[in-house]
Peer 1: 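Before I ask anything, here is the structure I am working with.
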Amino acid sequence: MKRTHIKATKAQMQSYFAWLEGKTKGFPSFKIRFGHHVLELSFPTQELYEEYKISLKYVYMDSDAAANGAIRFWNTALDDVLPPGVGEGANVIEYEGEAGFIRANRYGRWFGAYDMTTHIQYVCFDGRDLREYSPTWHPFRREFHYFAQNNGYLYLHSAAVGVDGRGVLLSANGGNGKSTTALSALTENMDYVSDDYLIMDTKTRRVYPLYSCGILNSDSLNMLPGLKEHVIGEVPNRPGRSIIDLLPYWEQFADGMEVCALVCPRVIKGEEVKDPKIVPDEHKRGKMQMAVSSARQNGENQIKGSNFVYRVFDCVKEIPSYELILSKDTKKNADALKKLIKGELKDV
């Protein structure tokens with residue numbers, strides 16, 4: 001695979017980004033709240049605009065507020081958007097300078113550029129459907145990751161629920177009950193931020209929501225039958241996984257939440273647990289899982305020695321860490337979290 005890496009001057013990068021901005025001008029767009037920031041998303045078609053807005057309805061902004069950054073999606077041939085003379089004969093192209101960078105991959109038929117001055121990203125697909133690249137229910141993970149890193153946030157693979165403005169991060173590998181625990185807490189009238197992905201302010205360690213859709217497998221959905229009426233579709237190529245519109249619970253969404261603990265849910269396989277139990281996470285397994293899984297979900301190719309992984313650990317190192325041994329009784333699990341958040345558990 002032939003690669004090319006080119007250094008550009010600041011003036012070259014700024015001129016190129018101005019050209020890209022002119023090409024994407026007039027695309028249908030909407031704005032979302034990204035923590036304390038405003039981010040604009042624009043699309044090449046009205047159909048894509050409408051589809052992606054569904055999972056971002058809670059943070060959707062119907063206002064003239066000035067955006068702090070933008071993501072422009074585009075579908076055209078890669079050679080039509082690369083700078084003249086850049087990438088001829090190469091399959092992987094890197095073009096960067098003081099003001100930003102470009103990454104392109106002919107095999108993946110994908111192009112991404114980031115203007116570090118304006119915090120505008122350009123994402124182009126060479127004849128591909130945007131839906132192939134980013135799912136409509138939890139979209140734009142890599143793009144939100146870039147924006148977060150450059151604006152004082154972390155985009156994390158984690159859930160969060162709470163009570164009265166304070167809450168817990170829920171972090172675990174797939175199949176250990178993270179989403180089920182978060183959505184059972186939602187159905188038990190707890191405050192809600194996320195069942196899978198969220199953003200954290202690196203200075204205050206407050207967390208903020210992004211997505212208004214959740215995902216559950218069929219077994220978990222049977223445990224929470226009240227959510228069945230809000231199913232709006234199935235995850236493509238993932239039998240038994242349902243997409244759930246959570247906006248009927250609009251009033252329980254938290255605009256921001258103070259994190260008082262990190263909890264790693266755990267299912268004891270082959271054992272019937274009658275009552276949930278919260279114990280100290282002596283090995284900080286939940287923090288490690290959250291840092292590594294967030295890096296992978298965000299497209300970080302190198303986990304070992306990753307600066308992003310270190311940033312996550314540094315941000316959450318002072319937060320108390322626990323394990324939650326889950327019961328089949330989802331209400332009891334939610335009650336245990338409430339007691340932890342309120343400081344009513346004396347043995348942890």
Peer 1: Are there more than 12 heavy atoms of other residues, nucleotides or ligands under 6.0 Å from atom CD of Glu188?
Peer 2: yes

Peer 1: Any cation-pi pair here, Lys53 with Tyr60, using under 6.0 Å and within 45°?
Peer 2: yes

Peer 1: Taking 4.0 angstrom as the limit, do Lys317 and Asp314 come out as a salt bridge?
Peer 2: yes

Peer 1: Ignoring hydrogens, what is the shortest heavy-atom contact between Ser55 and Pro139? Give both atom names and the distance.
Peer 2: OG-CD, 3.4 Å

Peer 1: Spell out, as yes or no, whether a donor-acceptor pair under 3.5 Å connects the side chain of Tyr192 to the backbone of Asp195.
Peer 2: yes

Peer 1: Looking at Lys228, I want to see if its NZ is surrounded by more than 12 non-hydrogen atoms of other residues, nucleotides or ligands under 6.0 Å.
Peer 2: yes

Peer 1: In terms of heavy-atom contacts, does NZ of Lys23 have more than 12 from other residues, nucleotides or ligands at under 6.0 Å?
Peer 2: no

Peer 1: Do the non-hydrogen side-chain atoms of Val279 and Lys277 ever get within less than 4.5 Å of each other?
Peer 2: yes

Peer 1: Could you tell me whether the side chain of Ser134 and the main chain of Leu130 form a donor-acceptor pair under 3.5 Å?
Peer 2: no

Peer 1: Taking the six-membered ring for Trp, is the centroid-to-centroid distance between Phe27 and Phe73 below 6.0 Å?
Peer 2: no

Peer 1: Taking the side chain as every heavy atom from C-beta outward, state whether Phe30 and Leu41 have any atom pair closer than 4.5 Å.
Peer 2: yes

Peer 1: If only atom types and distance count, is the side chain of Thr202 paired as donor or acceptor with the main-chain N or O of Leu154 below 3.5 Å?
Peer 2: no

Peer 1: Around Asn150, counting heavy atoms of other residues, nucleotides and ligands shown, do more than 12 lie under 6.0 Å from its CG?
Peer 2: yes

Peer 1: Using distance alone, with no hydrogens and no angle criterion, decide if Tyr122 and Glu21 have a side-chain donor and acceptor under 3.5 Å apart.
Peer 2: yes

Peer 1: Could you tell me whether Lys331 and Asp335 make a salt bridge, using a distance below 4.0 angstrom between a side-chain N and a carboxylate O?
Peer 2: yes

Peer 1: Think Arg103 forms a cation-pi with Phe101, using NZ or CZ under 6.0 Å from the six-ring centre and within 45 degrees of its axis?
Peer 2: yes

Peer 1: Give a yes or no on whether the ring-centroid distance for Phe34 and Phe144 is below 6.0 angstrom.
Peer 2: yes

Peer 1: With a 3.5 Å distance limit and no angle check, can you tell me whether His37 reaches the backbone of Ala148 through a side-chain donor-acceptor pair?
Peer 2: no

Peer 1: Transitively linked via ILVMFWY side-chain contacts under 4.5 Å: Tyr114 with Ile93?
Peer 2: no

Peer 1: Check Asp281 with Arg266, please: is the shortest side-chain N to carboxylate O separation under 4.0 Å?
Peer 2: no

Peer 1: Where do Phe17 and Ala99 come nearest, in terms of heavy atoms and distance?
Peer 2: CE1-O, 3.9 Å

Peer 1: Does Leu183 share a hydrophobic cluster with Leu221, counting links as ILVMFWY side-chain heavy atoms below 4.5 Å and allowing steps through other members?
Peer 2: yes

Peer 1: Using 4.0 Å as the upper bound for N to carboxylate O, is an ion pair formed by Arg131 and Glu51?
Peer 2: yes

Peer 1: If you compare all heavy atoms of Gly165 against all heavy atoms of Asp191, which two are closest, and at what distance to 0.1 Å?
Peer 2: N-OD2, 3.4 Å

Peer 1: Between Trp137 and Tyr211, does the ring centre distance come in under 6.0 Å?
Peer 2: no

Peer 1: In terms of side-chain geometry, is the basic nitrogen of Asp126 or Arg106 positioned less than 4.0 Å from the acidic oxygen of its partner?
Peer 2: no

Peer 1: State plainly whether the residues Glu40 and Lys31 are in salt-bridge range, i.e. N to O under 4.0 Å.
Peer 2: no

Peer 1: Could you see if Leu247 belongs to whatever hydrophobic cluster contains Leu227? Use Ile, Leu, Val, Met, Phe, Trp, Tyr and a side-chain cutoff under 4.5 Å.
Peer 2: yes

Peer 1: Do Tyr155 and Met116 sit in the same hydrophobic cluster, where Ile, Leu, Val, Met, Phe, Trp and Tyr count as joined when their side-chain heavy atoms come under 4.5 Å apart?
Peer 2: yes

Peer 1: Kindly say whether the aromatic ring centers of His119 and Tyr146 come within a distance under 6.0 Å.
Peer 2: no

Peer 1: For a 4.5 angstrom cut-off between non-hydrogen side-chain atoms, does Ile215 reach Ile244?
Peer 2: no

Peer 1: Which is it for Trp74 and Phe125 under the ring-ring contact (aromatic ring centres under 6.0 Å, His included) test, yes or no, and what are the steps along the way?
Peer 2: CA-CA 6 Å; Trp74 198 5; Phe125 299 89; over 10 Å; no

Peer 1: Check for a donor-acceptor pair, side chain of Ser220 on one end and backbone N or O of Gly177 on the other, with a separation under 3.5 Å.
Peer 2: no

Peer 1: Before we go on, tell me: are the rings of Tyr95 and His5 under 6.0 Å apart, centre to centre?
Peer 2: no

Peer 1: Quick check on Asp62: does its CG atom have over 12 non-hydrogen neighbours (other residues, nucleotides or ligands) under 6.0 Å away?
Peer 2: no

Peer 1: What about the rings of Phe140 and His145, do their centers lie closer together than 6.0 Å?
Peer 2: no

Peer 1: Does Val81 belong to the same Ile/Leu/Val/Met/Phe/Trp/Tyr cluster as Ile102, with side-chain heavy atoms less than 4.5 Å apart forming each link?
Peer 2: yes

Peer 1: Carefully, step by step, assess Thr330 and Ser184 under the rule side chain to side chain donor-acceptor pair (under 3.5 Å).
Peer 2: CA-CA 6 Å; Thr330 58; Ser184 63; 5.1 Å; no

Peer 1: Could you pull out all residues at least two apart from Asn333 that satisfy side chain to side chain contact (heavy atoms under 4.5 Å, CB included)?
Peer 2: Pro276, Leu326, Ser327

